[in-house]
Amino acid sequence: MIHLPTPTAFSFTETLRFLTRNEKECLHTVKGETIFKLLEIDGELVLFSINFLDSSLQITIHTPITSPKSSPQERTLFEFVKKYVQNWFDLEANLTDFYKTAQNDEILANLCQRFHGLRMVGMPDLFESLVWSIIGQQINLNFAYSLKERLVKNFGKSLVYNDETFFALPTPEKLANLSLEDFQPHQFSRSKAQYILNISRAFADGNLSQRDLEKLPFEEIREKLVQIKGVGNWTANYSMMKSLKNYDAFPVEDVGLHNAVKTQYSLEGKPSIVTLNLMSEKWSGWKGYATFYFWHSLLG
DNA sequence: TACCAGGATGTTG
DNA sequence: CAACATCATGGT
């Protein structure tokens, strides 16, 4: 059991609400108040679950640990999982600072009150956020979840535990060795399939790595990402906010954001990119976080 | 039926 | 450089 204290401003309820927003989600499972996640780490499957108790996240690893008890290897795995959850639920962000910034904008401040303690539910794995955002390009979320489900269940590894099957994201290496034809029966457009192959090969070949990327300043990261065919401004910023802790990354082209802003500000129509860029100046430093809060408002 | 979905790219004028 | 077509399907 791993014990992970949470900061004062942390809402497990809102986190769960986000995690259960779509029934087709297959990269994590929520059973009651318990979250299950399967990861493939260095070729090995690791299943763990998370509970919230006494202001702490309690993490339990369910797959057998091959290394001896209290060995360095075991400690490394524990540290990895702990770090993963810390990143996933963004426990280290300074929410107070975000809330202070939000005071510049009455509407956003209101959302901050409604969702107090909501931290960005991210994707600790950059490859995952890139794959997911490419899948999500241009199509509605429901269809995007269908495509993701097919990708994961057809090409990813799985594990059965207590009569339940859990799924892990296919590795870059696995996807890199596929061809366009492998995607066709699953109703990926050719371009979408090609884009996924592009990033998979970039990761598999070592041309792109999260470790190298996260050392770079904001604009250099964005430029590196946009160089990959299939990754535009929206995708790059989405991944930067969800995986690289760039809280000011701003996917201004996002249709969900447009709809949320239209509703929250009671606008006649959806805001233009120019308008939205102007509006976002009030959220400066936290544009990505503001975006996440606006998305959350779409859940009702 | 037409139009829009958590866009990006290639082509055309 | 801006406007437009294309993608592949589900929802409204």
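Just so we're on the same page: letters track the sequence lines, and every chain starts at 1. What you see is a predicted model, and the numbers here were worked out from it, not measured in a lab.
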Working for salt bridge (Lys or Arg N to Asp or Glu O under 4.0 Å), residues A:Lys242 and A:Glu128
CA-CA 10 Å; A:Lys242 295 280 276 188; A:Glu128 178 181 337; over 6 Å; no
Keeping the roles fixed (side chain from A:Asp97, backbone from A:Asn94), state whether a donor-acceptor pair exists under 3.5 Å.
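Side chain of A:Asp97 to backbone of A:Asn94, a donor-acceptor pair under 3.5 Å: no, none is there.
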Could you give the distance separating [M] and [N] at their [atom1] atoms, to the nearest angstrom?
N: C:dG10; M: B:dA8; atom1: P; value: 23 Å
N: C:dA2; M: B:dA5; atom1: C1'; value: 24 Å
N: C:dT6; M: B:dG6; atom1: P; value: 23 Å

Nearest heavy atom decides the nucleotide; on that basis, is A:Tyr195 or A:Ile139 closer to the 5' end of DNA chain B?
A:Ile139
Residue whose closest nucleotide on DNA chain B lies nearer the 5' end, A:Lys242 versus A:Lys229:
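Its nearest nucleotide being more 5', the pick is A:Lys242.
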Whole angstroms only, please: what is the [atom1]-[atom2] distance between [X] and [N]?
X: A:Met241; N: B:dG6; atom1: CE; atom2: P; value: 15 Å
X: A:Asn140; N: B:dA5; atom1: CG; atom2: C1'; value: 5 Å
X: A:Asn198; N: B:dA8; atom1: CG; atom2: C1'; value: 12 Å
X: A:Lys192; N: B:dG7; atom1: NZ; atom2: C1'; value: 8 Å
X: A:Phe143; N: B:dG7; atom1: CZ; atom2: P; value: 14 Å
X: A:Asn259; N: B:dA5; atom1: CG; atom2: C1'; value: 9 Å
X: A:Ile228; N: B:dG7; atom1: CD1; atom2: P; value: 19 Å
X: A:Trp132; N: B:dA5; atom1: CH2; atom2: C1'; value: 12 Å

When we call it a touch if two heavy atoms are under 4.0 Å apart, what does A:Phe188 touch: a base, just sugar-phosphate, or nothing?
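Contact class for A:Phe188: sugar-phosphate only.
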Please classify the nucleic acid contact of A:Thr235 as base, sugar-phosphate, or nothing, using heavy-atom distances under 4.0 Å.
sugar-phosphate
Span of DNA chain C, from the first to the last nucleotide whose atoms fall under 4.0 Å of chain A heavy atoms
C:dC7 to C:dG10
Fit a plane to each ring of A:Phe292 and A:Phe18, take the angle between them on a 0 to 90° scale, and name the class: parallel (under 30°), tilted (30 to 60°) or perpendicular (over 60°).
tilted
Which label fits A:Trp283 and A:Phe250: parallel for a plane angle under 30°, tilted from 30 to 60°, or perpendicular past 60°?
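Ring orientation, 0 to 90° scale: perpendicular.
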Check side chain to side chain donor-acceptor pair (under 3.5 Å) between A:Lys153 and all other residues, then give those that pass, not counting sequence neighbours.
A:Glu149
Which residue pairs satisfy the salt bridge (Lys or Arg N to Asp or Glu O under 4.0 Å) criterion with at least one member in residues 9-27 of chain A, sequence neighbours excluded?
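Sorted pair list: A:Glu14-A:Arg17, A:Glu25-A:Lys148.
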Check ion pair A:Glu268-A:Lys262 (N to O, under 4.0 angstrom):
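A salt bridge is absent here (no side-chain N lies under 4.0 Å from a carboxylate O).
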